[in-house]
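Take a look at the structure below.
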Amino acid sequence: MQRPLCKTGCLSERYRSFTGECNNRQHPKWGAANTPYSRWLPPEYEDIRGVPRGWDPEHTYYNYTLPPVRLISQNVLYTHNENISLDSSLSHLLVEWGQWIDHDFALTPQSPSTAAFRTGADCTRTCSRDTPCFPIQILTWEHYLPRVLGETPTSLLMPPYKGYDPEIDPSIANVFSAAAFRFAHVTVQPMVARLGPGYSLAPQHPPLPLHHSLFASWRVVQEGGIDPVLRGLLLSPAKLQMPGQMMVEELTERLFQAQGGMPLDLGALNLQRGRDHGLPGYSSWRGLCGLSVPNTTSDLAGILGNPGLAEKFLLLYGTSQNIDVWVGAISEPPLPGGRVGPLLACLLAKQFRALRDGDRFWWEREAVFTSTQRAQLHTVSLSRIICDNTHITRVPSDPFSRTVSPEDMLACSHPLIPHLNLSAWKEPDTDPSCGPIPRLQSGFSLLCDSVIYYQCGPGYQLIGPSSVTCDPNSYQWSPAPPICHGREWARGVCVCVCVREREILIKALQSTCMSLVLYSD
Ligand code: HEM
């Protein structure tokens, strides 16, 4: 794999790259997109070419053959849609938050397109100056994880931040994406609640069976926008993972059924995906985490707190060594205050800690934000983000906690839903030596050390240098700052708009305009 050349200078110290490359300067590919998953244990395949375990139904492991994944799903996971218990303290928004961040971490993009979704800008050139995704980091590490792992395990497994450690590889591990972070599949509700203003049931968009919602983004467009779905997530509880109530039949029997073709089984897919990735069995992962390794049925029954389930596993697999890690891990009873057992807590915390400590742009790192900025960032809440980006006017003070009644929602103007005060990010208007900072109309400028960087808005072209520096001898910005100019098309005629009027440039624009007129014909 080619080693990328990492830029130096102020911008590369301040902003992460679009691909994640060069986050770690010594290992520029660590944690970058389109790189292989890391392994915390050596892979176990059926042969040296990487055939998945269980491919040959006669092949034995520890003297037992592996059961077909669908059989495990039917025997261990299957849960009637109606036979579910509701989480008394967590909302379904927490579940969806997990899926959303997962697809940021694990869904390695394969698209050949490098165009930005909204602006169509070429991201290999322009999107690289992305600010660190600080609200996502805070919401995930401070609001989401303690609820999943439990407060005490979080403080033990994820001690307070000590600073960036360039020796830590933040790459996503196979076991995280192919097993551990899929834990929440067993907390997904079978119905998608959609609620109208006031959190009331809206007859025009009733609750949907989950399989009718998948790949049905047309419903968002034609059935009331995203607000009814968000209200549903805010007011619905998560499904509780209980013995005998694992994965709802919407996911094991009807996944993607509405798209035509054969319905899929998400439980079976998860199990098979683990085998595809050569993940060793349940016991090996317990060993990695320093947890007891079950040798007998009663050991396993003790760990799972469920003799019936332990017996079922041993009937299927013969030995706990062979239990596929995903199904073994989700079967452990949750730690106090959390929603996952000891093995998942270990694996999830190991990954999230690496993502935090191995990130040069982690929001708490001294060089990334000022203390005033960090204090402001701490006020960010998902409720505020929902208020600012939807037409929803009442939200819970804590959107990951279960809200029982719409009366418990607060108005978006409530002081408990504070606004993010961006004044802490305001750049100075003047430079001590060169005076006022020259700004762009229809464009952006950014001051980094003593250099101003310029970029034009979509549809505008930069005329002049892309950066200027304060010359310490002449006390002038050097070279002369640029301008942005845009073109508008009207009735087949090109009209050039000069944003800052400078004669020479207007002439230059006029000549560009002539060629554009010809082009339009
Ligand atoms: C509506 C609910 C959900 C559906 C329908 C769904 C469906 C799926 C499907 C079809 C896959 C690919 C399976 C495969 O072929 O291996 C997948 C992967 C995955 N899911 Fe879910 N999921 C849901 C919710 C969640 C949640 C709540 C989480 C976590 C909190 C999650 C975490 C993951 C992860 C980590 C992967 C692996 C992604 C990758 O490696 O690229 N999912 N999910």
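As the structure lists them, so they are numbered: ligands from 1, and atoms in each ligand from 1. Just so you know, these numbers use all the heavy atoms, side chains as well, and skip hydrogens, waters and symmetry mates.
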**Audit row: Arg360, Ser12, side-chain hydrogen bond (donor to acceptor under 3.5 Å, both in side chains) steps and yes/no** = CA-CA 11 Å; Arg360 190 159 61 88; Ser12 61; 5.9 Å; no
Exercise for the section: Report the C-alpha distance between Phe352 and Phe181 in whole Å, list the side-chain angles of each, state the deciding distance to 0.1 Å, and finish with yes or no for ring-ring contact (aromatic ring centres under 6.0 Å, His included). Expected result: CA-CA 11 Å; Phe352 279 97; Phe181 207 39; 5.6 Å; yes
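Short contacts between ligand 1 and Gly98, defined as distances under 4.0 Å to a heavy atom of the residue, involve ligand atoms 29 (C), 30 (C). Close contacts between ligand 1 and Arg273 involve ligand atoms 14 (C), 15 (O), 16 (O) [criterion: under 4.0 Å to a heavy atom]. In the vicinity of Tyr144, heavy-atom distances shorter than 4.0 Å reach the ligand 1 atoms 30 (C). Shown in contact with Phe256 at under 4.0 Å from a heavy atom are these atoms of ligand 1, numbered in order with element: 10 (C).
Backbone and side-chain nitrogen or oxygen atoms of Glu96 are examined, and none is located within less than 3.5 angstrom of a nitrogen or oxygen of ligand 1. On a distance-only criterion, His103 and ligand 1 share no N/O pair closer than 3.5 Å. Between Gln99 and ligand 1, a contact under 3.5 Å exists for at least one N or O pair.
Salt-bridge annotation for Asp359 and Arg16: present, with a side-chain N of the basic residue lying under 4.0 Å from a carboxylate O of the acidic one.
Less than 6.0 angstrom separates the ring centroid of Tyr78 from the ring centroid of His80.
Of the possible polar contacts, one joining the Gln189 side chain to the Pro237 backbone as a donor-acceptor pair under 3.5 Å is found. Using a distance-only test at 3.5 Å, with no hydrogens or angles considered, no donor-acceptor pair links the side chain of Asn174 to the main chain of Ser177.
Of the options Leu264, Leu266, Asp265, Leu269, the smallest heavy-atom separation from atom 11 (C) of ligand 1 is shown by Leu266. Nearest to atom 18 (C) of ligand 1 by heavy-atom distance, out of His92, His277, Arg182, is Arg182.
Residue contacts with ligand 1 do not include Trp100, since none of its heavy atoms lies under 4.0 Å from the ligand. Note on ligand 1: Tyr37 sits in its first shell, one or more heavy atoms being nearer than 4.0 Å. Within the structure, the closest approach of Thr187 to ligand 1 does not fall below 4.0 Å when heavy atoms are considered.
Heavy-atom minimum distance, Ser236 versus Ala193: OG-CB, 3.5 Å.
Counting heavy atoms closer than 4.0 Å to ligand 1, residue Asp102 contributes side-chain atoms (C-beta onward) but none from N, CA, C or O. Under 4.0 Å from ligand 1, the heavy atoms of Leu251 that appear belong solely to its side chain.
Distance check: Asp408 CG to Ser397 OG gives 9.0 Å after rounding to the nearest 0.5 Å. Taking CG of Leu279 as the start and CZ of Arg273 as the end, the distance is 11.0 Å to the nearest 0.5 Å.
Closest to atom 21 (Fe) of ligand 1 among the N, O or S atoms of His185 is NE2.
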